[in-house]
Protein chains: 2
Amino acid sequence: MSRLNGPARTNRPAKLIDVARHAGVSTGTVSNVLNHPDKVKEGTSARVMRSIEHLGFVRDTNASSLANGGSHDIGLVVIDLANSIFLDAARGAQSTARAAGLNLLMAGSENDFGVQSSNVDSFIGARVAGLLLAPMQDSSAQIQRLTKRHVPVVLVNYDPGTDHACSVIVDNDAAGYIAARHLIDLGRRRIAFVSVDWDLQPVEQRRHGIRRAVAETDGAVTLEEIVADDLEVGSGNAIARQVAARDAAERPDAVVAVTDNLAVGFIEQAADLGIDVPGDIAVMGTDDNTSAARCRLTLTTVTMQGRQLGAVAMELLMDEIRHGRDEHRHQRVVLTPQLVVQQSTVR
Amino acid sequence: MSRLNGPARTNRPAKLIDVARHAGVSTGTVSNVLNHPDKVKEGTSARVMRSIEHLGFVRDTNASSLANGGSHDIGLVVIDLANSIFLDAARGAQSTARAAGLNLLMAGSENDFGVQSSNVDSFIGARVAGLLLAPMQDSSAQIQRLTKRHVPVVLVNYDPGTDHACSVIVDNDAAGYIAARHLIDLGRRRIAFVSVDWDLQPVEQRRHGIRRAVAETDGAVTLEEIVADDLEVGSGNAIARQVAARDAAERPDAVVAVTDNLAVGFIEQAADLGIDVPGDIAVMGTDDNTSAARCRLTLTTVTMQGRQLGAVAMELLMDEIRHGRDEHRHQRVVLTPQLVVQQSTVR
DNA sequence: CTGAAAGCGCTTACAG
DNA sequence: CTGAAAGCGCTTACAG
């Protein structure tokens, strides 16, 4: 079998021009069957597709993006995947994106603001069509870099406090309110709020909601604030030891921990020190972290609507991409959290 | 202030040539300070850096990858992020990659083999430097597509059964053995293995390990296999109802569920039906899924070394990328799982 | 409906 | 150490 003037069949991946030659058409036509199928006659199109298949051609998206000034990918930058709310949001965004035929690329930031920033830049470098950003702290510098470059961005689970970008958040104030209300309705009168004194938006807002619920009781219920070293199980243990060391009369009869992990830590240690949960102290978390540590009781908490968070954010982003920044109006969508009652507050 | 012949300062993102003009050098030099700093004199380099900073230049990685035939990114395709072993692996891979200065892009596959395949293709299209693939079933077609194109690939948590690629797996046979051994050591004599009859590698292997442990007892211990509809909590509930319906003497005194979610479902339902766990029946999972549903007891399980899985896989991949396919020898790394004893087997 | 040609923004030999 | 020029693999007007 002679191969007169075709290139020797090396192992080199097929390029678009190889497909064109194989199908006996020009590269423009191959590109058209890929990008504008309606511009190509059916027969030609079929022939080209067969060549693509035959040669195992996979288009170089770098060249493609370069040639038409931007990729069709969407980036998702998440501050940390360990917290299940972000993970759920990622999954919600993923399935919404795919349903719309978009490719979602995720980058985790290992809980490091600097890494987050570099992830944002790397997506800028890739000229993504849009970006979903799920931060834990003020990221306006990064948002500015994006908008300057006309990269649509939607904030996930963080209120940017400006109208320069869309955002989808859960009502953390309501989460706090719902939590405190639940304990008050159960007849608890001495609530302790366990959190940290870092400047984290969700913490501030949940605290505010809890205070609001307590204030409504006109002094019938007292609120104590306990500051933990961090948001993890170990700090929950420490707080439990601190509480157990007090006279029984000085102890709270309910604990709202700002994270489920803190709540779990409290419960495990309290049990070991002879405190009955929920008998002596009802305990709950407020972040519905399904990745939280294991616990001897199921934990009452407040759902954070993770999947919906991601799905709605992706929809807002797609709207902005489609309509362009001029016709698009930025929105701020607020989702309402829901109470989940479990064994740690109700026997 | 006159701007004689510079381009009007539009909102257009700065390109490399803008940086070059601003710094008064050629584009080649700018490229060199970015890619080969040693080739550029210190003063020039500093000047260029200042221009980059000043103009907010972010290099177009599409153009960059196109020009030098491949990106520096690494892709990670995970069949599903809901299972914490994959999530942990992703985090392990991420931090190892970053430590080495590599950018890791993740794509989730929503538990859909077709989506997985398209994720692999999209990373091929992006000309990534290498790929980490965490599948649940035979993916040799995808692996072949990758190796044909000289894209290094490392399998995560799946044994490809060939030596065409590196892989990192946990010893699932050992996981099964350890689980059964634990129950036998506790004095249990009638073990039930709850799993599915799908063709999933980890399931087969864990079953094999369990059988091995039981066989070693020379008939002192019996093994019953129970087939669930799927791997989730609801099926665990159903199995518990089925077991509870039997005469007490016909029930197993220990249950190994192939997933933690099945185990949790079993425990919750069994408790509601008056079966004491672990008194009447000791129950455990074997996949250390920290995202598993909440449970009234902490769950005995077998750790799957998720982070290490991802970290080791990334190291193998970097080795293959650095040394090229010729000097690189494919390896198969097997990690050993560990027993975690909790309340669901030991009171 | 199809083809030839210019151009996307970089990088890399190659000369100087 | 630096600059001018070719080329990476596509896409898109533009002519036919």
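Numbered from 1 within each chain, the chains take letters A, B, ... in sequence-line order.
Residue A:Ser65 is out of contact with every strand shown, counting any heavy-atom pair closer than 4.0 Å. Heavy atoms of A:Val25 sit under 4.0 angstrom from primed sugar atoms or phosphate atoms, though from no base atom. In this structure, B:Thr44 reaches the sugar-phosphate backbone alone: every heavy-atom distance under 4.0 Å involves primed, P, OP1 or OP2 atoms, never a base.
Between B:His36 and C:dT12, a side-chain N or O to OP1/OP2 separation shorter than 4.0 Å is present. Checking the phosphate oxygens (OP1, OP2) of C:dG3, a side-chain nitrogen or oxygen of A:Thr29 falls inside 4.0 Å.
Of the listed residues (A:Ile143, A:Val77, A:Leu317), just one forms a side-chain contact (heavy atoms from CB on, under 4.5 Å) with A:Val153, and that residue is A:Ile143.
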Show each protein N/O and nucleotides 5-9 of chain C N/O combination with a separation under 3.5 Å, one pair to a line.
residue	atom	partner	partner atom	Å
C:dC8	O2	A:Ala67	N	3.4
C:dG9	OP2	B:Lys15	NZ	3.1
C:dG9	N2	B:Ala63	O	3.3

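Spacing between atom NZ of A:Lys39 and atom C1' of C:dT2 amounts to 12 Å, rounded to whole angstrom units. Between the CG atom of A:Leu34 and the P atom of D:dT11 there is a distance of 6 Å, rounded to whole Å. In this structure, the CG atom of B:Asp18 is 9 Å from the P atom of C:dC10, given to the nearest Å. Atom CD in A:Glu42 sits roughly 14 Å away from atom C1' in C:dC1 (whole-Å rounding).
Looking at DNA chain C, the stems built from 3 or more consecutive Watson-Crick or G-U wobble pairs, each pair with its key distances under 3.5 Å, are C:1-3 with D:14-16, C:5-12 with D:5-12, C:14-16 with D:1-3.
Here A:Arg12 pairs with A:Asp18 in a salt bridge; the nearest charged N to carboxylate O distance falls below 4.0 Å. Ion pair B:Asp80/A:Arg91 flagged as a salt bridge, since at least one NZ, NE, NH1 or NH2 atom sits closer than 4.0 Å to an Asp/Glu carboxylate oxygen.
With 3.5 Å as the limit, one finds a donor-acceptor pair spanning the side chains of B:Ser117 and B:Arg145.
Among D:dT11, D:dT2, C:dG3, the nucleotide with an atom closest to any side-chain atom of A:Asn35 is D:dT11.
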